[in-house]
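Throughout, protein chains are lettered first and strands after them, A, B, ... in sequence-line order, and every chain is numbered starting at 1. Atom set for the values below is all heavy atoms of this structure, side chains included, hydrogens, waters and symmetry mates excluded.
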Amino acid sequence: MPELPEVETVKRGLEPVMQGFIFERVTLNRLNLRFPFGKNFISRIQGKTLTSLTRRGKFLKATLSSNDVLYMHLGMSGRFTIDNNPTAIYDSRNSTNPKHDHVIFEMNNGVRITYNDPRRFGFMELIAPGEPSRLDKMGPEPLDNMFNGPYLFNKLSGKKNTIKSALLDQSIISGLGNIYVCEAIFKAKISPKRLAGKVTIKETEILVNEIKAVIKKAIEAGGSSLKDFASVDGNLGYFQHSFDVYAQAKMPCKVCTTPIERIVQNGRSSFYCKACQK
DNA sequence: CCTTCTACCTGTCAGC
DNA sequence: TGCTGACAGGTAGAAG
């Protein structure tokens, strides 16, 4: 269930073993994940240096020495593991079914990176310089200064969908998923059922601050997981983190003890406190 | 254009 | 024990 903080953790884990190194061998164990790997996927990567690895929203973005960019999305269940890393500590909790090992990168430093994804909602795509990509329409990063009260208020004004739905829209803000949207609107005391266009400027300021706080805290938790386990796993951050409302149905609200409710919006679960969130 | 719905995919778990 | 159905949810594209 990787959202921005988990993808950031993965990025930090992969960077030291991939950035600046050459892809010696790329192996695909099937023709597609969610989408087909493009034609010449292997030949366009093999022999190239990964010059920089960054994150944008929930995407990993690997720039190659050819100037092609490899976009990688973990979908729901994607994870990377690092082998032949002398500092890696094997953790059986992270073991994966090898039948879902779909992509293997072998770098010229002797490190092998395996992408495993049981549900195959993830995808990898090579984009040539100047070619349009999915990231073009992506909204600002939550921690960027341009993501602020006035920006969000402006984006929400006039919108007829709910605040829950609007915050999941990656063109408004990138990187948020179901979990951190639930958590952030709880902190901001806004009901998931509120219409986006009805959120006041004052509430928007509070909401922006809570989104930044929730994301920052989760990145820090992911960072400490990475340090402890020296492995790359988008799920680690979640295990260390307990949520105020997400998946807490019927549990007492941490603020007022009212039982947390679960409702379904746009086919997704929302968890909230109907006493605290208006 | 805007919003909502559905497909995609498999592992897990509750209930019978 | 084994079956069935619900659920997890990010994204794209269709439908409304």
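- Classification of the A:His73-A:Phe123 ring pair by plane angle, with boundaries at 30° and 60°, yields parallel.
- In this structure, A:Phe35 places its CZ atom 15 Å from P of C:dG10, rounding to the nearest Å.
- The cationic atom of A:Arg134 (NZ for Lys, CZ for Arg) lies less than 6.0 Å from the six-membered ring centre of A:Phe35 and within 45° of the ring axis.
- In this structure, A:Phe123 atom CZ and C:dA12 atom C1' are separated by 9 Å, rounded to whole Å.
- If you take CG of A:Asn266 and C1' of C:dA8, they are 16 Å apart, rounded to a whole angstrom.
- Listed in residue order, the members of residues 152-167 of chain A having a heavy atom less than 4.0 Å from DNA chain C come to none.
- Here the side chains of A:Leu126 and A:Leu64 are in contact, with some heavy-atom distance below 4.5 Å.
- None of A:Glu24, A:Arg25, A:Glu106 except one satisfies the side chain to side chain contact (heavy atoms under 4.5 Å, CB included) rule with A:Arg112; the exception is A:Glu106.
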Q: Would you sort out whether A:Glu8 and A:Arg12 count as a salt bridge (Lys or Arg N to Asp or Glu O under 4.0 Å), showing the intermediate values?
A: CA-CA 6 Å; A:Glu8 178 65 24; A:Arg12 292 180 187 182; 2.8 Å; yes

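- A straight line from CD1 of A:Ile172 to C1' of C:dG10 spans 16 Å, rounded to a whole angstrom.
- Computed from coordinates, the A:Met138 CE to C:dT11 C1' distance equals 10 Å when rounded to whole Å.
- Counting to the nearest Å, the P atom of C:dG10 and the CE atom of A:Met124 are 19 Å from each other.
- Backbone-only engagement by A:Arg120 is indicated by non-hydrogen atom pairs under 4.0 Å involving sugar-phosphate atoms exclusively.
- Side-chain nitrogen and oxygen atoms of A:Gln170 include at least one within less than 4.0 Å of the OP1 or OP2 phosphate oxygen of C:dT11.
- The CG atom of A:Asp169 sits 10 Å away from the P atom of C:dT11 (whole-angstrom rounding).
- A:Leu4 CG to A:Leu143 CG: the interatomic distance, rounded to the nearest 0.5 Å, is 7.0 Å.
- For the pair A:Gln265/A:Pro192, a side-chain contact is recorded, criterion being any heavy-atom separation below 4.5 Å from C-beta on.
- Distance, A:Arg34 CZ to C:dT11 P: 9 Å, rounded to whole Å.
- Sorted by residue number, the members of residues 267-274 of chain A with any non-hydrogen atom under 4.0 Å from DNA chain C read A:Arg268, A:Ser269.
- Here the shortest heavy-atom pairing between A:Phe271 and A:Val245 reads CB-O, 3.1 Å.
- Residue-to-nucleotide contacts include a donor-acceptor pair under 3.5 Å from the side chain of A:Arg119 to the base of C:dA8.
- When the side-chain nitrogen and oxygen atoms of A:Arg134 are compared with OP1 and OP2 of C:dA12, one or more of them lie within a distance under 4.0 Å.
- Ring geometry for A:His102 versus A:Tyr115: interplanar angle of 30 to 60°, hence tilted.
- Think of the region where chain A sits on DNA chain B: with heavy atoms and a 4.0 Å cut, that region ends 5' and 3' at B:dT3 to B:dG11.
- Looking at A:Thr49, its side chain never comes within 3.5 Å of a backbone N or O of A:Thr51 through a donor-acceptor pair.
- Neither OP1 nor OP2 of C:dG10 sits under 4.0 Å from any side-chain N or O of A:His73.
- Looking at heavy atoms from C-beta onward, A:Asn116 lies out of side-chain contact with A:Thr81 at the 4.5 angstrom threshold.
- Residues A:Thr27 and A:Val103 form no side-chain contact, since every pair of their non-hydrogen atoms from C-beta on lies 4.5 Å or further apart.
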